[in-house]
Amino acid sequence: QVQLVESGGGLVQAGGSLRLSCAASGRTPSTYAMGWFRQAPGKEREFVAAISRSGGIIDYADSVKGRFTISRDDKVKNTVFLQMNSLKPDDTAVYFCVAAGSLATLNTAQYWGQGTQVTVSS
């Protein structure tokens, strides 16, 4: 069983930055494609960013392009980061880390973290 643990959320003023981390624990014999989704109160869950198993393919939602950066830890397998800059109040949400066998299956990923709250004040 694989567990994903997120950290790094918190309260920040608009224009500020936060860095989220996600580490997989448990039995992780494989390298997973990983990504981030978010869900704001009263809204549906939405895709934020994803990175392929090798790190060679990266994708972002249009709403975060140019502001957020996803990356993998070169030394620790199945660990990803989400650097969030120029944060806006609209970025306020619970952010979830996900892991799957490929980028194509992230939407229906088997493994999800418990979520970390990001709150951006205006």
Side-chain angles (χ1 to χ4, degrees):
Q1 186 71 11
V2 176
Q3 294 86 38
L4 301 177
V5 179
E6 305 106 330
S7 61
L11 172 64
V12 65
Q13 288 188 331
S17 299
L18 284 173
R19 187 186 193 221
L20 305 184
S21 300
C22 173
S25 62
R27 292 188 176 183
T28 57
S30 302
T31 299
Y32 295 103
M34 300 185 75
W36 294 90
F37 286 74
R38 67 186 181 185
Q39 187 165 20
K43 295 186 178 181
E44 293 187 354
R45 186 171 60 201
E46 64 175 0
F47 167 76
V48 176
I51 188 166
S52 64
R53 295 169 59 188
S54 68
I57 300 173
I58 290 175
D59 191 22
Y60 297 100
D62 288 342
S63 59
V64 306
K65 280 181 181 176
R67 301 188 298 121
F68 290 12
T69 302
I70 188 171
S71 61
R72 301 189 74 106
D73 190 319
D74 292 337
K75 298 180 180 179
V76 182
K77 188 172 65 174
N78 295 323
T79 297
V80 293
F81 308 103
L82 186 67
Q83 179 66 42
M84 306 186 293
N85 298 328
S86 302
L87 283 161
K88 306 175 182 178
D90 284 348
D91 294 319
T92 296
V94 177
Y95 284 69
F96 297 91
C97 176
V98 300
S102 67
L103 288 177
T105 58
L106 271 179
N107 268 325
T108 55
Q110 180 178 1
Y111 304 115
W112 289 76
Q114 80 286 354
T116 185
Q117 177 70 46
V118 171
T119 303
V120 184
S121 63
S122 57

Subject >> With sequence neighbours excluded, residues passing salt bridge (charged side-chain N to carboxylate O under 4.0 Å, His left out) with Arg67 >> reply: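 Salt bridge (charged side-chain N to carboxylate O under 4.0 Å, His left out) check on Arg67 returns Asp91.
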Contact list for [range], test disulfide (SG to SG under 2.5 Å), sequence neighbours left out:
range	value
residues 1-94	Cys22-Cys97
residues 40-73	none
residues 34-86	none

**OP:** Kindly compute the distance separating OG1 (Thr69) from CE (Met84), expressed to the nearest 0.5 Å.
**Re:**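 So the OG1 of Thr69 and the CE of Met84 are separated by 11.0 Å.
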Original post:
Say you draw a straight line from CD1 of Ile58 to CZ of Phe68; how long is it, rounded to the nearest 0.5 Å?
Top reply: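 The distance works out to 14.5 Å.
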Original post:
So, do Trp36 and Ile51 sit near enough that their side-chain heavy atoms are less than 4.5 Å apart?
Top reply: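 Not in contact.
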**OP:** Grab the two heavy atoms, one from Ser122 and one from Pro89, that are nearest each other, plus how far apart they are.
**Re:**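 Heavy atoms only, the tightest pair is CB-CG, 3.9 Å.
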Counting only pairs under 3.5 Å, give me each side-chain donor-acceptor contact of residues 8-18, with atom names and distances, residues two or more places apart or in other chains.
residue, atom, partner, partner atom, Å
Ser17, OG, Asn85, OD1, 2.9

**OP:** Check for a donor-acceptor pair, side chain of Glu6 on one end and backbone N or O of Gln114 on the other, with a separation under 3.5 Å.
**Re:**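 The answer is yes, because a donor-acceptor pair under 3.5 Å joins these two groups.
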**OP:** Share the residues that join Phe47 in a hydrophobic cluster, the rule being Ile, Leu, Val, Met, Phe, Trp or Tyr side chains under 4.5 Å apart at the heavy-atom level.
**Re:**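 When side chains under 4.5 Å apart are linked, the cluster holding Phe47 also contains Phe37, Ile57, Val94, Phe96, Val98, Leu103, Leu106, Trp112.
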Original post:
How is the hydrophobic cluster of Val76 composed, in terms of its other members, when Ile, Leu, Val, Met, Phe, Trp and Tyr link through side-chain heavy atoms under 4.5 Å apart, directly or indirectly?
Top reply: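 The other cluster members (ILVMFWY side chains, heavy atoms under 4.5 Å, direct or chained): none.
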Original post:
Do any pairs count as a side-chain hydrogen bond (donor to acceptor under 3.5 Å, both in side chains) and have a residue in residues 92-107, sequence neighbours left out, and if so which ones?
Top reply: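 Non-adjacent pairs meeting side-chain hydrogen bond (donor to acceptor under 3.5 Å, both in side chains): Arg38-Tyr95, Ser102-Thr105.
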Considering residues at least two apart in sequence or located in another chain, which fulfil the side-chain contact (heavy atoms from CB on, under 4.5 Å) criterion with [X]?
X	answer
Arg53	Thr31, Ala33
Ala49	Tyr60, Ile70, Leu82
Val2	Leu4, Ala24, Thr28, Tyr32, Tyr111

**OP:** Please list all pairs passing the salt bridge (charged side-chain N to carboxylate O under 4.0 Å, His left out) test where one or both residues lie in residues 69-79, with sequence neighbours left out.
**Re:**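 For residues 69-79: none.
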